[in-house]
Asks: 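First the structure, then my questions, so here it is.
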Amino acid sequence: MSAHAPHQRPDTGVSPLSVQALLARERDRYAQTHPRSRELAGRAAEHLMFGVPLHWMNDWGTPFPLQVAHAQGAQLTDVDGHTLVDFCLGDTGAMFGHSPAPVAAALQRQAAAGLTTMLANEDGAVVAQLLAERFGLPQWQFAMTATDANRFVLRWLRAATGRPVLLVFNGCYHGTVDDVFVDLIAGQPVQRPSLLGQVHDLLPTTRVVEFNDLAALEAALAPGDVACVLAEPVMTNIGMVLPQPGFWEAAQAIIRRHGTLLVMDETHTLSSGPGGYAQAHGIAADAVVVGKALGGGMPCAAYGFTADLAARAQAAKRAAPPGHSGIGTTLTANLLAMAAMRATLEQLLRPEVFAPMHARAAALADGLRALFQRHGLPWCVTQVGARTEFQFCAQPPHNGSAAGAAMDPTLEHALHLYLLNRGVLITPFHNMMLVCPDTTNADLTRLLQAMDGALKELGRG
Ligand SMILES: Cc1ncc(COP(=O)(O)O)c(C=O)c1O
């Protein structure tokens, strides 16, 4: 997930007036049909700051927060009794469906046998071995969230290389890791002004270039002070940005030539297969980060290193004075999280689970393309693994700036709310739809029919 700064409205092919009118109608409809959510939201506002457990839960664009009753498989039921087909799936945390049976069973077993001890059990070795098999990296450690995993990896890699600088691609999101919140504005690096309470100047130690720009990458690494490039293999948080053919092959050669390490953040691209996108596309990273769906919805994450990097990281730890490394949290790798990861790895991170998800995502992408074409809209659709994204531009964007320029938050809100009011939930902040093993063809039809309805209404204005 990621929220981006406002900018000039792109040419989306629909009139701003009809977007505003649709949004107003859908806000009314939501307010009328969600009395119980309204009531619970009112009660929550008494003691929850912002009225929600996490302030960005207000950013869905609903007049008041939707309150969940329960969720199972591809469906989510709200407290007013509406059943929604869920294509957000907790922004990937529930990629294997809500409460997948193997994970629910493992949690139930483990819940009766201890939740957290700050000690290892057999699951640790099994989970690490399965991660090594899936992702092709031999050495693993854990975290509670992908954010923390990225934060810890940065520490290890800065320590292992003795280099201070991080390189990221413009428009990236890797969780709330402060270091990555540097944007390129008109070609200049700018620390994201929305970051609260940030007292450190990030610019000296974070370098940012556009995705797919090999010359800029080469120039940014040339000083020899960059510890690592932290990247998603496909950008997924500013809409979707695909690597151009040959990009990663050439980028890897440049990165290696400058003695920099490559970290692949597969938190979202895990939907490409049991070993993530990098494994499926021959990208050889020095480190891999996996989070969100890795525990089937339980908070946990993992990061893996090559043998060489693991040796360098361990040497750095041995050489450091005794004391806190700055890496880890008390409940990290707790017994419940390990049980959840084991169940996910053993029973869900398997090719036969992914194959139908990919087929459904491809069908959804085809359906959306046909729909946009029929409505004469210059919107593109990109599908990677089980993720499908539509963007308000005719061609898939080639970098973060182009992807950001194609965003239209008001149009997104209007569409998302229209869909929600018709029983379909998609991811806020951009237009991502994720398919899980429980998603049916009927669910796809429901989404496509609802979208068709929204586009007809937008065309009216
Ligand atoms: C690529 C990527 N990495 C890391 C994260 C952080 O995950 P979490 O919020 O679970 O820490 C996200 C969240 O959206 C992400 O998209």
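Both ligands and their constituent atoms are indexed starting at 1 by order of listing.
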Asks: Going by the atom numbers of ligand 1, which of them fall below 4.0 Å from some non-hydrogen atom of Thr267?
Replies: 2 (C), 3 (N), 4 (C)
Asks: Could you give the distance from OG1 (Thr83) to CG (Leu425), rounded to the nearest 0.5 Å?
Replies: 12.0 Å
Asks: Which of the numbered atoms in ligand 1 are below 4.0 angstrom from a heavy atom of Gly175?
Replies: 4 (C), 5 (C), 6 (C), 12 (C)
Asks: Is it true that the side chains of Asp265 and His174 contain a donor and an acceptor less than 3.5 Å apart?
Replies: yes
Asks: For ligand 1, which is the ligand I care about here, please tell me if Thr236 has any N or O atom under 3.5 Å from one of the ligand's N or O atoms.
Replies: no
Asks: Are Trp56 and Phe429, when compared by the centres of their aromatic rings, separated by less than 6.0 Å?
Replies: no
Asks: Below 4.0 angstrom from a heavy atom of Glu232, which ligand 1 atoms are there? Numbered from 1 as shown, please.
Replies: 1 (C)
Asks: With heavy atoms of His268 as the reference, note each atom of ligand 1 found under 4.0 Å away.
Replies: 14 (O), 16 (O)
Asks: Thinking salt bridges, do Arg158 and Asp179 make one under a 4.0 Å N-O criterion?
Replies: yes
Asks: Less than 3.5 Å between some nitrogen or oxygen of Asn237 and one of ligand 1, yes or no?
Replies: yes
Asks: For Phe211 and Phe169, take the angle between the two ring planes, folded into 0 to 90°, and tell me which bin it lands in: parallel under 30, tilted 30 to 60, perpendicular over 60.
Replies: perpendicular
Asks: Should Arg446 and Asp443 count as an ion pair when the cut-off is N to O under 4.0 Å?
Replies: no
Asks: So if I count the atoms of ligand 1 from 1 in the order they appear, which ones are less than 4.0 Å from some heavy atom of Asn150?
Replies: 3 (N), 4 (C)
